[in-house]
A.B. asks: 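Here it is, the structure in full.
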Amino acid sequence: MILRWTCFWKSCVRIHDVAVKMTGIRGKLLVCCSQNHILQLSRTNHQTILDLLKNEAVQKYIQRLTDEYKLVTCTLENLNLSESDRRHFHQRRVELLPVVNAFMRTVHAAKDLQEVETILQSTVDAPTQDEQMVELLREEQTELNRRVDDLNKELIQTLVPVDENDGSDVILEVASGRTTGGDICQQFTREVFDMYEGFASYKNWNFDVLNYTPADYGGLHHAAVRVSGEAVYRWLKFEGGTHRVQRIPEVGLSSRMQRIHTGTMMVIVLPQPREVDIQIDPKDLRIDTFRSKGAGGQSVNTTDSAVRIVHLPTGIVAECQQSRSQLQNKDTAMQVLKARLNQSIMGKQTAERDTARKQQVGTRAQAERIRSYNFSQDRVTDHRISYMTRDIKEFMRGGEELEELISVLLEHSDREALLELVEASHPKLAKQQTTDKEGD
Amino acid sequence: MVFRQKIFWRFLHQRNRVTLRQVSTASVVGEKVIAHISSKLTVQQALNQWAECFQVTGVSEPNLSSQHIIAHVLGHKTLNSLSKRGLTQVLSQPQVERIWKLCHKRLTRMPVQYVIEEWDFRDITLKMKPPVFIPRPETEELVSLVLADMEQRGGASRYPDTVDFLEVGCGSGAISLSLLQSQKQIRGMAIDQSAEAVALTRENAQSLGLHDRLTVSQVDVIKDADWLVKSCSRVGVLVSNPPYLFTEDLDSLAPEIQRYEDRAALDGGEQGMLVIDQILTLAPRLVTENG
């Protein structure tokens with residue numbers, strides 16, 4: 001079990017110690033740092049994601065959706081609708097239906113709960129001898145409480161906008177940073193690569209290496225893999241960005257001086273759509289194989305099966321040397337190219353996705369880092385949600401620890417997305433809310 | 001004058017030393033290679049050592065050769081499928097011995113495909129044995145073309161005793177077997193004038209489980225033309241990768257090809273058209289009207 005402790009800064013250290021004792025061998029712990037962060041942290045807790053429903057803006061938003069649903073249903077019953085309008089309203093109704101259904105179920109459950117509570121209250125007010133009856137009522141109450149919680153979670157799930165790429169496979173790239181501490185960057189890149197390999201096996205995903213360029217001393221310059229399986233993009237989308245490492249190198253002068261070096265590496269995560277519907281004109285491609293370097297055919301025998309494809313209009317390049325068959329390498333390289341092209345085309349259509357990629361690729365500056373791995377203090381910090389965890393070794397095995405962090409990130413983003421949606425659909429209300437907050 | 005002579009001698013002496021040093025590095029590489037058999041080696045070290053050795057001895061594609069052979073010994077197709085952890089693993093004694101044995105074969109300029117006795121062609125892995133011709137990457141595309149054409153024309157023939165395609169000069173069976181692999185209902189016939197090629201095609205068909213849909217015969221398309229026409233008329237597709245090199249160019253090929261691959265699979269006669277002409281003359285009598 002993972003214990004999560006939320007505490008105030010002053011008592012933080014004390015509770016930290018207690019927690020370490022309590023969790024014992026596993027030593028898993030999360031500590032919050034400063035008062036500023038407590039707000040952010042508690043936002044991401046399970047209880048508080050349910051608190052979202054108590055948020056006035058969200059309540060109004062749900063109310064509006066229900067009203068709209070009623071209106072749409074009424075309009076649909078009207079016979080004088082034109083065909084296109086009818087189709088439009090019908091579509092809207094289908095969109096609204098799951099939200100309204102989920103909401104209705106929660107309302108019913110809440111009503112049931114209330115009834116049970118009033119009866120219980122009345123038994124407390126006027127004690128009766130029927131102990132069995134009270135017992136039964138208590139049981140029902142806890143049962144209903146659980147049900148309401150579940151239904152509320154479900155309702156939030158239906159409200160949160162779905163990213164249509166969530167289910168798709170992913171092309172994951174890791175690249176070592178350009179900072180001067182070359183060795184530790186490359187070594188760290190390899191470790192991160194191992195971490196994702198571990199995470200893929202933990203999640204039962206396929207992990208196909210497309211490209212692997214090792215560096216000296218067991219490091220890694222760059223690698224690309226295809227990860228396929230269930231909801232891969234959903235779990236990996238927040239991994240893209242610059243990861244920072246702080247550690248004392250294992251060899252060299254700095255090792256003897258115990259000097260801490262800082263290095264970076266980059267992770268790029270691109271969704272690979274299952275059905276790629278991009279049409280590529282063969283004229284736009286330049287395919288480099290062994291043959292294109294000179295004579296081929298019967299007069300030459302080669303074991304060089306590497307293929308490199310360049311999409312001339314965009315300059316996007318994909319290469320593959322995974323298989324001994326040139327044709328298979330070409331097919332794989334083509335898939336990678338299509339995924340990259342798809343990304344760039346989609347990026348053109350939707351500006352925010354473009355910025356997402358830019359954020360990932362970034363300028364590799366340390367300021368844009370998303371996560372730090374501090375080996376000398378044995379600590380991993382995610383800067384986006386101020387999440388911190390100990391036991392870096394366990395974390396980099398890519399198992400539960402990483403999953404825990406990503407699920408917190410996911411909840412955080414779900415929450416943000418929902419609030420954003422609510423605000424976007426009703427700017428006035430949101431404004432009012434913020435002024436209210438400031439007034440507090 | 002004497003002074004000048006002195007300088008000249010010194011110069012000569014220096015040059016001699018340089019050449020001497022070069023010779024000694026080459027032999028050192030050789031010694032190092034042998035010396036390391038007993039000591040513990042990681043995959044990466046073995047790779048670098050053999051790549052260097054091939055480089056020095058002038059074997060073509062030194063890096064790839066070393067990679068393919070070592071990957072093969074480790075039970076992988078390429079080193080890419082063996083992730084980074086694999087590169088630092090220490091080789092076992094039998095593995096080292098096998099790598100050394102195979103790499104020494106490569107030093108005699110034996111093609112990698114013969115050294116590791118297998119190669120991939122499209123989605124199948126074929127056994128390779130000298131002197132049977134090694135399929136080239138371009139041929140993979142030929143198969144793609146034939147498959148696209150077959151698809152356009154629709155499925156298998158309706159007569160149970162006829163074959164859908166005939167391959168002339170099958171070599172290791174690459175074209176025929178990958179056609180059968182991709183199209184599950186068709187049947188084919190493959191011929192080659194070389195007994196080794198016929199045997200190897202049979203062996204590959206057997207190991208891929210495609211032998212019941214492929215007839216293999218040792219037939220010379222030039223000498224046994226009449227027999228061929230008699231026994232298999234009305235095929236839908238005639239496919240071949242016939243020899244097309246000029247006889248005079250054969251001597252300028254890489255030693256890998258000259259020493260190990262069957263000349264008959266490459267020699268297209270003086271104009272390179274000998275076998276091609278023969279196939280084209282026979283073609284109207286072999287294929288169906290719309291074949």
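All chains are named by letter (A, B, ...) in the order of the sequence lines, taking the proteins before the strands, and each is independently numbered beginning at 1. This structure is a prediction, so every number in the text was calculated from the model and none was measured.
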A.B. asks: With a 6.0 Å cut-off on the ring centroids, do F207(A) and F193(A) count as close?
C.D. replies: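 That pair passes the under 6.0 Å test.
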A.B. asks: Where the side chain of T201(B) meets the backbone of G171(B), is there a donor-acceptor pair that is under 3.5 Å apart?
C.D. replies: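 Such a contact is found between T201(B) side chain and G171(B) backbone.
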A.B. asks: Using heavy atoms and a sub-4.5 Å threshold, report which of residues 256-264 of chain B line up against chain A, by residue number.
C.D. replies: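 At a heavy-atom separation under 4.5 Å, chain A is reached by I257(B), E261(B).
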A.B. asks: Give, as side chain, backbone, both or neither, the part of N241(B) having an atom under 4.5 angstrom from any heavy atom of chain A.
C.D. replies: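 Both parts, backbone and side chain.
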A.B. asks: Regarding Q321(A) and T78(B), do their side chains bring together a donor and an acceptor under 3.5 Å, going by distance alone?
C.D. replies: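 No, T78(B) and Q321(A) have no side-chain donor paired with an acceptor closer than 3.5 Å.
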A.B. asks: Under 4.5 Å from any heavy atom of chain A, what part of D249(B) do you find: side chain, backbone, both or neither?
C.D. replies: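 Neither part; nothing is under 4.5 Å.
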A.B. asks: Under a 4.5 Å heavy-atom cut-off, does chain A meet the side chain of S252(B), its backbone, both or neither?
C.D. replies: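 Neither part, no heavy atoms under 4.5 Å.
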A.B. asks: Checking heavy atoms, do the side chain of A71(B), its backbone, both or neither come under 4.5 Å from chain A?
C.D. replies: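 Interface part for A71(B): neither.
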A.B. asks: Could you look at I116(B) and say if it's the side chain, the backbone, both or neither that has a heavy atom under 4.5 Å from chain A?
C.D. replies: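 Contact with chain A is through the side chain of I116(B) alone.
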A.B. asks: Quick one: are L179(B) and F165(B) in side-chain contact, heavy atoms under 4.5 Å?
C.D. replies: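 L179(B) reaches F165(B) side chain to side chain.
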A.B. asks: Should the pair F199(A) and Y202(A) be assigned to parallel (<30°), tilted (30 to 60°) or perpendicular (>60°) ring geometry?
C.D. replies: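 Aromatic pair F199(A)/Y202(A) classed parallel.
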A.B. asks: Between L253(B), V112(B), L245(B), who has the most heavy-atom pairs with chain A when the cutoff is under 4.5 Å?
C.D. replies: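 The candidate making the most pairs under 4.5 Å is L245(B).
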A.B. asks: Hey, does S325(A) have a side-chain heavy atom less than 4.5 Å from the side chain of L327(A)?
C.D. replies: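 The answer is yes, as the side chains (C-beta and beyond) meet within the 4.5 Å cut-off.
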A.B. asks: Check this for me: K184(B), atom NZ, are more than 12 non-hydrogen atoms of other residues, nucleotides or ligands nearer than 6.0 Å?
C.D. replies: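 Yes, the 6.0 Å shell around NZ holds more than 12 heavy atoms from other groups.
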A.B. asks: My understanding is that only one of D288(A), L337(A), N329(A) makes a side-chain contact (heavy atoms from CB on, under 4.5 Å) with R308(A); could you say which?
C.D. replies: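 Passing option: D288(A).
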A.B. asks: Can you tell me which portion of S60(B) sits under 4.5 Å from chain A's heavy atoms? Options are side chain, backbone, both or neither.
C.D. replies: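 Neither part.
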A.B. asks: Stepwise, does the side-chain hydrogen bond (donor to acceptor under 3.5 Å, both in side chains) test hold for Q113(B) with N301(A)?
C.D. replies: CA-CA 9 Å; Q113(B) 292 93 331; N301(A) 176 32; 3.0 Å; yes
